[in-house]
Amino acid sequence: MGQLFSKKNKEVFSAPLGIDNPVTVQVLGICSALAVTAKLEPAIVMGLSVTVITAFANVVISLLRKTIPNRIRIIVQLVVVAALVTIVSEILKAFAYDVSVQLSVYVGLIITNCILMGRLEAFAMQNGPWESFLDGDGNGLGYAKILVIVAFFRELFGSGTLLGFNILNYEPIRNIGYVNNGLMLMPPMALIIVACIIWYQRARHKELQEESN
């Protein structure tokens with residue numbers, strides 16, 4: 001049990017949640033961060049979907065890594081991911097149809113998500129199933145964390161709601177001059193919020209800052 005949760009394994013899981021976040025440090029998965037974060041609910045579902053798919057795809061590829069011919073490894077990875085994405089997509093349609101409609105084609109595009117494909121190639125192909133599961137789980141949750149933060153601010157200040165519940169659309173709040181900012185619902189605002197998160201993270205962790213020539 002101690003080996004399963006060794007210091008190295010804990011770092012594999014925790015690093016993507018902070019110091020090596022796939023969105024803010026590696027700058028991956030930006031497209032979906034812009035597309036599905038106008039509302040909090042689809043952002044949460046998208047983040048959890050990517051987490052589940054990344055974790056289990058990592059495990060499957062790790063189990064098969066010694067039997068996959070090098071020349072077709074990318075094809076095998078895509079087949080595994082496509083199968084998992086199809087399963088998740090059908091589950092969403094069955095149990096959360098409204099959210100699946102909001103996510104539209106973006107669930108299908110998880111197949112080519114650069115975070116997912118990068119972890120399969122860079123980690124799962126070289127490590128065991130348990131380590132690969134932790135790596136996939138950590139990177140998926142790191143991605144979901146950023147989506148949830150961005151969606152929180154966009155929905156709150158763009159629509160005055162959170163998860164569809166009214167937060168700011170009350171007469172006393174409007175009487176003091178507050179008005180929902182429609183710009184928050186536009187994709188460029190997601191990029192600005194992500195940029196603010198990147199700025200905060202690099203200001204806090206000096207080792208992430210590039211040295212100027």
Side-chain angles (χ1 to χ4, degrees), residues 13-58 81 84-85 87-89 91-93 95-120 134-165 167 180-202 204-205 208:
F13 175 77
S14 62
L17 296 173
I19 197 68
D20 195 25
N21 187 277
V23 180
T24 59
V25 178
Q26 301 175 44
V27 196
L28 302 174
I30 294 292
C31 295
S32 53
L34 305 184
V36 302
T37 54
K39 299 289 183 182
L40 189 55
E41 185 179 15
I44 292 172
V45 173
M46 183 69 169
L48 292 177
S49 298
V50 170
T51 300
V52 170
I53 292 169
T54 306
F56 285 98
N58 262 15
V81 173
L84 290 171
V85 167
I87 293 171
V88 168
S89 178
I91 291 173
L92 288 178
K93 288 177 182 177
F95 297 101
Y97 181 75
D98 291 341
V99 177
S100 72
V101 171
Q102 292 180 58
L103 291 175
S104 181
V105 299
Y106 297 105
V107 172
L109 289 176
I110 294 175
I111 295 172
T112 56
N113 188 297
C114 43
I115 297 173
L116 175 54
M117 296 305 297
R119 300 326 297 165
L120 293 178
L134 292 177
D135 178 78
D137 211 21
N139 276 274
L141 290 173
Y143 166 84
K145 170 186 170 182
I146 301 302
L147 257 64
V148 168
I149 292 173
V150 173
F152 175 88
F153 288 106
R154 290 185 71 192
E155 182 177 355
L156 180 62
F157 295 113
S159 301
T161 62
L162 284 175
L163 293 174
F165 294 101
I167 303 296
N180 290 328
N181 188 346
L183 289 174
M184 293 296 291
L185 301 178
M186 299 179 67
M189 286 306 301
L191 195 59
I192 292 172
I193 295 172
V194 170
C196 291
I197 298 172
I198 292 173
W199 168 79
Y200 170 78
Q201 188 173 29
R202 297 198 176 201
R204 185 178 179 186
H205 300 282
L208 295 176

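Looking at every heavy atom in both residues, Leu147 comes nearest to Gly47 through CD2-N, 4.3 Å. Taking each heavy atom of Val25 and Gln201 in turn, the nearest pair found is CG2-OE1, 3.6 Å. Of all the heavy atoms in Gln26 and Asp20, the pair that sits closest is NE2-O, 3.2 Å. Of all non-hydrogen atoms in Pro22 and Pro16, the two that sit nearest each other are CD-O, 3.5 Å. Of all heavy-atom pairs spanning Val88 and Ser49, the tightest one is CG1-OG, 3.7 Å. Shown here for Arg202 and Thr24, the closest heavy-atom pair between the two residues is NH2-O, 4.1 Å.
A donor-acceptor pair is defined here as one N or O able to donate and one able to accept, closer than 3.5 Å; no such pair exists between the side chain of Asp137 and the backbone of Ala55. Glu41 contributes no side-chain N or O that, together with a main-chain N or O of Gly164, makes up a donor-acceptor pair within less than 3.5 Å.
Within the 4.5 Å cutoff, side-chain heavy atoms of Leu163 are placed close to those of Ile44. Using a 4.5 Å cut-off on side-chain heavy atoms (C-beta onward), Val45 and Leu92 make contact. Contact annotation: the side chain of Val50 never approaches that of Ile115 to less than 4.5 Å [non-hydrogen atoms, C-beta and beyond]. A heavy-atom distance below 4.5 Å is not found between the side chains of Thr51 and Tyr143.
The line from CG of Asn180 to CZ of Phe157 is 10.0 Å long, rounded to the nearest 0.5 Å. With rounding to the nearest 0.5 Å, the separation of CD1 in Ile167 from CG in Leu156 is 7.0 Å. Atom-to-atom distance recorded for Ile87:CD1 and Phe56:CZ is 10.5 Å, nearest 0.5 angstrom. Between atom CZ of residue Phe153 and atom CD1 of residue Ile192 there is a gap of 14.0 Å, rounded to the nearest 0.5 Å. For the atom pair CG of Asn113 and CG of Leu120, the computed distance is 10.0 Å after rounding to the nearest 0.5 Å. Taking OG of Ser100 as the reference point, atom CE of Met46 lies at 12.5 Å (rounded to 0.5 Å).
Contacts classified as side-chain hydrogen bond (donor to acceptor under 3.5 Å, both in side chains) and involving residues 144-161 (residues at least two apart or in different chains) are given here: Thr37-Arg154, Lys39-Ser159, Glu155-Thr161.
For Met184, the CE atom counts as densely surrounded, since its 6.0 Å shell holds more than 12 non-hydrogen atoms of other residues, nucleotides or ligands.
Of the candidates Val150, Ile30, Asn139, Ile30 is the only one forming a side-chain contact (heavy atoms from CB on, under 4.5 Å) with Val23.
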